[in-house]
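Below is one structure, written out as structure tokens, with a few remarks after it.
Letters go in sequence order (proteins before strands), and every chain restarts at 1.
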4 protein chains.
Amino acid sequence: MKRTAILLIDCPDQKGIVAGVADFLSRHNANILHADQHQDAERDLFLMRVEWDLDGFDITLEDFPRRFAPVADRFSMRWRLERSDRPLRVGLFVSKSVHCLVDLLYRHQSGELACEIPLVISNHEEGRRWCDFYGIPFFHVPVEPGSKKEAEVRQLALLEAHKVDLVVLARYMQVITPDFVARFPRRIINVHHSFLPAFVGAKPYHRAFERGVKLIGATSHYVTDELDEGPIIEQDVMRISHRDSLDDLLEKGRDLEKIVLSRGLRWHLNHRILVYDHKTVVFD
Amino acid sequence: MKRTAILLIDCPDQKGIVAGVADFLSRHNANILHADQHQDAERDLFLMRVEWDLDGFDITLEDFPRRFAPVADRFSMRWRLERSDRPLRVGLFVSKSVHCLVDLLYRHQSGELACEIPLVISNHEEGRRWCDFYGIPFFHVPVEPGSKKEAEVRQLALLEAHKVDLVVLARYMQVITPDFVARFPRRIINVHHSFLPAFVGAKPYHRAFERGVKLIGATSHYVTDELDEGPIIEQDVMRISHRDSLDDLLEKGRDLEKIVLSRGLRWHLNHRILVYDHKTVVFD
Amino acid sequence: MKRTAILLIDCPDQKGIVAGVADFLSRHNANILHADQHQDAERDLFLMRVEWDLDGFDITLEDFPRRFAPVADRFSMRWRLERSDRPLRVGLFVSKSVHCLVDLLYRHQSGELACEIPLVISNHEEGRRWCDFYGIPFFHVPVEPGSKKEAEVRQLALLEAHKVDLVVLARYMQVITPDFVARFPRRIINVHHSFLPAFVGAKPYHRAFERGVKLIGATSHYVTDELDEGPIIEQDVMRISHRDSLDDLLEKGRDLEKIVLSRGLRWHLNHRILVYDHKTVVFD
Amino acid sequence: MKRTAILLIDCPDQKGIVAGVADFLSRHNANILHADQHQDAERDLFLMRVEWDLDGFDITLEDFPRRFAPVADRFSMRWRLERSDRPLRVGLFVSKSVHCLVDLLYRHQSGELACEIPLVISNHEEGRRWCDFYGIPFFHVPVEPGSKKEAEVRQLALLEAHKVDLVVLARYMQVITPDFVARFPRRIINVHHSFLPAFVGAKPYHRAFERGVKLIGATSHYVTDELDEGPIIEQDVMRISHRDSLDDLLEKGRDLEKIVLSRGLRWHLNHRILVYDHKTVVFD
């Protein structure tokens, strides 16, 4: 596995940005492995992701901000630097339906997900045995009506103690408060069990069944203060027919949820996602 | 091509319905080609479609109602009989975007759609040249603000004069009034350019673009009094990415619209669709 | 959960079959829950699946063959009767790649698969820990060059001792001999990691990568004596691009394999599949 | 519509290529609209597509080769320059099945395809009336057993006389000879009515039907000397079931063929495709 650095940039669109960045990297002997960019013509916005091999690169990552500053200033860039040898620390939240949790734990164990999972937090006990099996600490934080605030305080303390970078709501059936969201801006990924923006809110499969749709879907997205309104990362659908009962929808849906959540998480871990406004760019 | 009859039934679910129908047909020497049924357990409803070869069947279709009445009465059936040698007469409505019109006219000419198209009605002139080419009478009925009522009167007169059984709104951009709908209950098919119930109403692609969805869709459905709320016949989706401009969405969407509308129309023409409540059963 | 019986029939197509079966069931007070049929016009073949509630049915299943014989004889039927309260006993085979095994064990534990899994057989040790976790007996039967015959003797003894009805090759990387296949005719399901008939045989993802296809696929099928030529049960595909490395293909492929194998298995367990020639009818 | 230039490059992978190109363009005041690159790690190959606005660019396109030569030489590049204001001239070939022809002519007329279509060549007369309708010259060049050579001589003369850049075989049912292919290297696009490499050669739908596959597909690809072995541009599939007759497969297949051929053609027209070995990179 190569040690790589990933630079993510957004700035007002103008001439010379690619040349500016590529020239900077070239002068410091970077071997670019991937470079991708996107212009949003409506917003006059330029977004870029560039990944290079750190082998031979002649600037230390500690020194990078100072050295890159002239380029960044010239183009009024917002930027961040990520590195492949510092895997993100992911905290998983789950309630009673554990299919996404079980799926993510297996993918993690088999090497599909380049992250550490220091803990799982749940308001129920169902997920504990899989966490025990995979050796992941499991914390039961009950959430009762009226005690959500206290629960979140405890959750946040656990996340902080375990140095969590990213929160993944793997079918966690409690609404997160704005205070919690503010602590992990664009760093909470949720899976919603519908093709958003159809069926925002509770019981989407029931409503899909009632409405008589011919495809059901699932969506992974970043969590913002507005329910199910955050930037969409990935969506997928599956065909259904009148022969499918509500239970069939739930069952097919579980496969969709596992796929869109694990894909979305993988892209985040590989630093492929740039968020602007309430949309995402996924550099593939 | 075989001459066939198609019997469509719905009734309260109970024992013996299949036996009752099959026995009746068997006694009259019917060669059943397709039989399909569906139970809606929640609503305690039984739905059935059975198609048989008329060759050898010893009841005339004129006499069928009287002869079938005892079976129908015994199970409190609503039923209708269709026949493959009486193709439906379809009236197409279109506005300025003619891709669905052009697609349907070609499919009709090539034999994919078992129907007659006695006329096309449009509030614009764009579609006329294709109608001329395919030899389909084209009627321009302008719809101005304040003149919708008069326009509908004229449209309905045209449909009646041409003995139209089914109306297809092939990207017709005017809302139909309840009075019009009442004249063609469950006999108006519309294509909506989104994955319903997402993006009900105007400019769905613009809103899909703004929302940053990762798939766009299209839906064919029967028209009811509530906008975009009628029973869904068919839906399909296509993957998009941040690289797709709004124009790309419109372009990809056109392919989806052609497919879901032509499929939905074909199923209706083959008498494969049963509607109940606001859902469809499509016997495939 | 209702106790149901499922009758699966194939016979030469002729008039009166549906009536004959439905009348027989009706006279014995069966409440039909699903009935589906298919005619293969080319082969003049009639296939039927009918499922009814055993509650109130006035024939014991032991007595069924004798009572149904006149109907079966009249139409020269091949038939079999299955019952929902006798879940099949499934033996899983796996090699080093355990993703399908882990997926099936979880689905089984969560109630998605209506079967018993009395044992797992593997030529490697990788799968043992998941079997231990889920409480499924695991048998390591090494297969060395030259010892396949002995290995199969041992495998067959294990399957017999555990009264296995159905064998599922969940990424079992050894070719099964005709003798083994003959012991489980149409009762061995395999997952092949390509969209058959493309890339029959070894290393399909490598060959897909080399060929530059734009979609990869997976296939579940019954095993026959000819490699990858058995009746196809289910297939699915996923889009890839030049950006996907061979490892990406393998990873995406694993999701496909899990889905087509679990779907195919579920349909078999629900007695939805009829095989004729080298094709399947899946009554959904 | 902006006037743009598109530079397509492939060369051995090494450091500094992106910087070299971006710096060259930047120094000449190019406003880069899209830049995309790909490394094939196995082959140690670097591929790039960069598109810029010609407005303000201070080199004439006539002078470009001389000015760009130092960069190209430094990295041993193969490159070509395309321009959006010089639409390609496309010659369409068709036989009796005209659905792809009709589809492409409509898309062209409606502005979806940025090309000129100076002529259509066919070994049958079926397509003539649509060509007449859309005002495209139609040439009937019969191909009899034994006369293929003469036919190709006439076809090539027509293509030359009409200054054709790209040949599209829109369901043209004659095999093209190597001599013909050599005249349009990587500039002949064919649509094959299967999911290649499954069902290479004749009657793929018949063979798909016989094999009992659960999805059918279509493929657009560049034509090489080996039948159906050329670099794949685009593929898509559609679900089928035992209920689909061979005619249903043909009908569903036509929709697939229209989509994969028109997409592939559009990408070629937008200079998005780079071919290497027998694979394509499609910069989207």
Next item on the list: Would you confirm whether H278(B), through its side chain, and G212(A), through its main-chain N or O, come within 3.5 Å as a donor-acceptor pair?
Entry: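 The answer is no, because no donor-acceptor pair under 3.5 Å joins these two groups.
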
Notebook entry, point to check: Do any N or O atoms from the side chain of K279(B) and from the backbone of F209(A) form a donor-acceptor pair under 3.5 angstrom?
Noted result: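 Here the side-chain-to-backbone pair exists.
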
Margin query: Counting neighbours of CZ on R78(A) that are heavy atoms of other residues, nucleotides or ligands and sit closer than 6.0 Å, is the number greater than 12?
Written below: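 No, because the 6.0 Å sphere around CZ of R78(A) holds 12 heavy atoms or fewer from other groups.
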
Next item on the list: Verify the neighbour count for atom CD of E226(A): are there more than 12 heavy atoms of other residues, nucleotides or ligands below 6.0 Å?
Entry: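 Atom CD in E226(A) is not crowded, with 12 or fewer foreign heavy atoms closer than 6.0 Å.
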
Note to self: I want to check something: taking the side chain as every heavy atom from C-beta on, are V281(B) and S241(A) in contact at a cut-off of under 4.5 Å?
What the structure shows: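 When only atoms from C-beta onward are counted, S241(A) and V281(B) do not touch, as no gap falls below 4.5 Å.
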
Notebook entry, point to check: Does a side-chain heavy-atom distance below 4.5 Å link L196(B) with K214(A)?
Noted result: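 They are not in contact (no side-chain heavy atoms under 4.5 Å apart), so the answer is no.
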
Checklist line | Heavy-atom pair count under 4.5 Å with chain A, highest-scoring of I233(B), D277(B), L215(B) | finding: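 Ranked by heavy-atom pairs under 4.5 Å with chain A, first place is L215(B).
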
Check: When heavy-atom pairs shorter than 4.5 Å are enumerated against chain A, which of G217(B), A208(B), P197(B) gives the highest number?
Finding: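 Option with the top pair count is P197(B).
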
Can you tell me which portion of [X] sits under 4.5 Å from chain A's heavy atoms? Options are side chain, backbone, both or neither.
X       : result
L47(B)  : neither
D236(B) : both
V200(B) : neither

Flag the one option from [options] with the top tally of heavy-atom pairs under 4.5 Å to chain B.
options                           : result
D40(A), V213(A), I232(A), T219(A) : I232(A)
D284(A), V282(A), L246(A)         : V282(A)
R211(A), R243(A), H38(A), E42(A)  : R211(A)

Next item on the list: Can you measure from NE2 (H242(B)) to CD1 (I273(A)) and round to the nearest 0.5 angstrom?
Entry: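 Spacing of NE2 (H242(B)) from CD1 (I273(A)) equals 11.5 Å.
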
